[in-house]
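What you see is a predicted model; the values in this text were computed from it and never measured.
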Amino acid sequence: MLAPASSLVDERRTLYRLAVDLFAPGTELSDNLADHPIVRYEIGRALAGHGGLDPERLNEIAEMRVRDAGVAVAADPLAAEVLEAPLRIVAQSGVRPLPLTESDGERFDNALAIVAAGVRMFRELAPAMADDLLAHVSLVAVLKRETSGGLVSASSRYVPGIVLIDEPSLPMEVAEALVHEGAHEKFFDLAIVKEFLDARAEDADYFETSWSHVQWPLEQTFAAWHAYSCLAQFNTSIGAERLGPDSLLPKASERADEIGEWLVTHENDLRADARWLLHALMGDTMELTGEGVVPSQVDGVTLSLEISEDSHFHLLPDVRYKCAATGRVVAGRAAQPPEVFWLDEDASWALDQWRNDRTPKTFGWMLTRATEEWQVDSATAAARLEMALGSLQRSSLVGLSGQAH
């Protein structure tokens with residue numbers, strides 16, 4: 001497995017906590033706040049340079065009332081106002097979707113009961129998949145059927161964590177929506193904490209579907225392939241359960257294969273973890289090298305001429321970083337807009353040398369510690385440390401002060 005749900009969620013929370021610390025130092029972000037889709041939307045806007053971040057606003061957002069149906073379901077009469085962003089983003093032209101809430105009385109209660117039955121069905125039919133995908137679904141909003149414009153289900157990378165579903169009539173409609181959109185939500189988390197896509201994705205070829213002849217950019221293509229792959233797997237578990245009228249389950253395997261084969265021919269546009277997941281879900285075990293999962297090791301490389309043991313490295317001002325439970329470190333600077341970087345194991349170790357003391361460190365001092373703690377010979381430690389410090393320099397997290405005389 002590329003990333004267990006618990007680890008992936010913890011790393012995602014760590015990133016959001018770092019982001020809040022960059023904008024409002026000292027602000028604590030509970031798990032509830034870090035998971036809330038609208039809180040994540042507000043943090044994402046700030047990271048993209050669209051204004052600052054108001055910690056009080058984040059707390060107000062999280063006060064929206066929900067009901068438990070195995071997943072949190074938006075219930076507050078003010079939900080349409082709080083959820084304005086995702087409702088607007090997924091709406092078709094001229095359509096204004098509105099959520100069912102407690103103010104809709106029995107109609108809301110009936111929908112809530114079907115959602116709860118759908119969650120139970122998902123967990124009974126595919127327990128491992130349910131545990132994996134539902135961990136990435138923080139909130140469900142049920143849309144009034146007459147306002148949805150025929151929307152079956154939807155999610156958005158701009159507001160990660162929320163799943164919007166049309167008012168259901170069958171538990172299977174809910175179960176399928178949670179597989180489909182839960183796969184997207186997991187992809188959103190993977191994309192922000194793993195090596196999935198970079199700037200090259202924007203210039204990559206578009207995929208054209210054979211069934212509708214629409215064209216998708218690479219990110220949308222990968223997300224669709226991941227969702228269809230999960231739907232195809234779920235379809236093997238459903239037996240004779242009655243499907244909804246808009247079900248994609250019968251078509252899922254064929255479409256997953258079509259998209260997956262296209263992605264394999266374009267995998268050079270994907271980063272290491274995306275390629276790993278692509279081959280893993282397609283069952284291509286010959287390609288599972290673990291690239292992007294196992295840290296690279298450098299052997300037999302000596303110090304460059306530019307760096308000596310007396311070279312001093314310093315942590316640049318306003319750098320902040322946080323360590324996830326997995327040991328991975330995410331770092332950033334309070335620039336405008338800020339840049340945030342996930343560090344590899346060696347770079348994480350190097351940055352952590354400034355944890356308790358931000359004074360400059362010599363390469364030699366760090367090398368002695370690295371050789372001892374990594375339990376490798378000095379030449380290997382030097383090569384790895386030089387690469388780690390180089391990556392920190394390129395990310396504008398660490399600077400080289402020059403030679404001591």
Visitor: Is any side-chain N of the basic residue among Asp269 and Arg200 closer than 4.0 Å to the acidic one's carboxylate O?
Guide: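 Salt bridge between Asp269 and Arg200, a charged N being under 4.0 Å from a carboxylate O: no.
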Visitor: Begin with the C-alpha distance, continue with both residues' side-chain angles, and end with the deciding distance and a verdict on side chain to side chain donor-acceptor pair (under 3.5 Å) for Asn32 and Ser30.
Guide: CA-CA 5 Å; Asn32 183 50; Ser30 66; 5.0 Å; no
Visitor: List the atom of Phe196, the atom of Ala191, and the distance in Å for their closest heavy-atom pair.
Guide: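 Heavy-atom minimum between the residues: CB-CA, 4.1 Å.
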Visitor: For the residue pair Trp225 / Thr221, report whether a side-chain donor-acceptor contact shorter than 3.5 Å exists.
Guide: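 On atom types as modelled, these side chains do not qualify, holding no pair under 3.5 Å.
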Visitor: Within the structure provided, determine whether Leu170 and Glu176 are in side-chain contact (heavy-atom separation under 4.5 Å).
Guide: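 No, every pair of side-chain atoms sits at 4.5 Å or beyond.
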Visitor: Should Leu231 and Leu249 count as side-chain neighbours, where that means a heavy-atom distance under 4.5 Å?
Guide: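 The answer is yes; the side chains approach within 4.5 Å.
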Visitor: Apply side chain to side chain contact (heavy atoms under 4.5 Å, CB included) to the pair Asp21 and Leu29, showing each step before the final yes or no.
Guide: CA-CA 9 Å; Asp21 199 38; Leu29 203 63; over 6 Å; no
Visitor: Side-chain contact test, heavy atoms from C-beta onward, threshold under 4.5 Å: evaluate it for Ser153 versus Glu173 and give yes or no.
Guide: no
Visitor: Quick one: closest heavy-atom pair of Pro338 and Leu22, and the distance?
Guide: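 Answer, listing the atom of Pro338 first, then Leu22: CB-CD1, 3.9 Å.
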Visitor: Between Thr14 and Arg328, is a side chain to side chain contact (heavy atoms under 4.5 Å, CB included) present by the stated rule, with each step listed?
Guide: CA-CA 10 Å; Thr14 302; Arg328 294 186 72 210; over 6 Å; no
Visitor: Can you confirm whether Asp31 sits close enough to Arg17 that some side-chain heavy atom of one is under 4.5 Å from a side-chain heavy atom of the other?
Guide: yes
Visitor: Tell me the closest heavy-atom pair linking Glu42 and Leu53, and the distance in Å.
Guide: O-CD1, 3.7 Å
Visitor: Taking ring-ring contact (aromatic ring centres under 6.0 Å, His included) as the definition, give me every residue that meets it alongside His314, ordered by chain and number, with sequence neighbours left out.
Guide: none
Visitor: Could you go step by step and tell me if Ile165 and His180 meet the side chain to side chain contact (heavy atoms under 4.5 Å, CB included) rule?
Guide: CA-CA 11 Å; Ile165 62 173; His180 187 159; over 6 Å; no
Visitor: If you look only at distance, which donor and acceptor atoms sit under 3.5 Å apart when one is on a side chain in residues 107-120 and the other is two or more places apart or in another chain?
Guide:
from, atom 1, to, atom 2, distance (Å)
Arg107, NE, Glu167, OE1, 3.4
Arg107, NE, Glu167, OE2, 2.9
Arg107, NH1, Glu146, OE2, 3.2
Arg107, NH2, Glu146, OE1, 2.6
Arg107, NH2, Glu167, OE1, 2.7
Asn110, ND2, Glu106, O, 3.4

Visitor: Identify the heavy atoms of Leu87 and Pro99 that sit nearest to each other, and give their distance.
Guide: CD1-CD, 3.9 Å
Visitor: What pair of heavy atoms forms the shortest contact from Leu15 to Val330, and how long is it?
Guide: CA-CG1, 4.1 Å
Visitor: Is the Phe313 ring parallel, tilted or perpendicular to the Phe363 ring (thresholds 30°, 60°)?
Guide: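 Ring orientation, 0 to 90° scale: tilted.
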Visitor: Are Glu339 and Ser395 linked by a side-chain donor-acceptor pair shorter than 3.5 Å?
Guide: no
Visitor: Got a sec, which residues hit salt bridge (Lys or Arg N to Asp or Glu O under 4.0 Å) with Asp352, two or more places apart in sequence or on another chain?
Guide: Arg355
Visitor: Suppose the criterion is ring pair (Phe, Tyr, Trp, His ring centres under 6.0 Å): which pairs have a residue in residues 247-274, not counting sequence neighbours?
Guide: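 Found Phe207-Trp262, Trp262-His266.
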Visitor: Enumerate donor-acceptor pairs with a distance under 3.5 Å from any side-chain N or O in residues 133-144 to protein atoms, sequence neighbours excluded.
Guide:
from, atom 1, to, atom 2, distance (Å)
His136, ND1, Asp189, OD2, 2.7
His136, NE2, Asp132, O, 3.4
Ser138, OG, Asp35, O, 3.0
Lys144, NZ, Asp104, OD1, 3.2

Visitor: Begin with the C-alpha distance, continue with both residues' side-chain angles, and end with the deciding distance and a verdict on side chain to side chain contact (heavy atoms under 4.5 Å, CB included) for Ile162 and Tyr41.
Guide: CA-CA 10 Å; Ile162 185 171; Tyr41 171 72; over 6 Å; no
Visitor: Counting only N and O atoms by type, is there a donor-acceptor contact under 3.5 Å from the side chain of Arg67 to the main-chain atoms of Val73?
Guide: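 The answer is no, because no donor-acceptor pair under 3.5 Å joins these two groups.
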Visitor: Specify the closest pair of heavy atoms between Ala227 and His184, including all atoms of both residues, with the distance to one decimal.
Guide: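 For Ala227 versus His184, the nearest heavy atoms are CB-CE1, 3.6 Å.
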Visitor: Any non-hydrogen side-chain atom of Met387 less than 4.5 Å from a side-chain atom of Asp344?
Guide: no
Visitor: Using a 4.5 Å cut-off on heavy atoms from C-beta on, say whether the side chain of Tyr321 contacts that of Leu397.
Guide: no
Visitor: May I have all residue pairs that pass ring pair (Phe, Tyr, Trp, His ring centres under 6.0 Å) and include part of residues 322-360, sequence neighbours excluded?
Guide: Trp349-Trp374
Visitor: Is the shortest side-chain heavy-atom distance between Leu243 and Pro250 below 4.5 Å?
Guide: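 Yes - at least one pair of side-chain heavy atoms lies under 4.5 Å apart.
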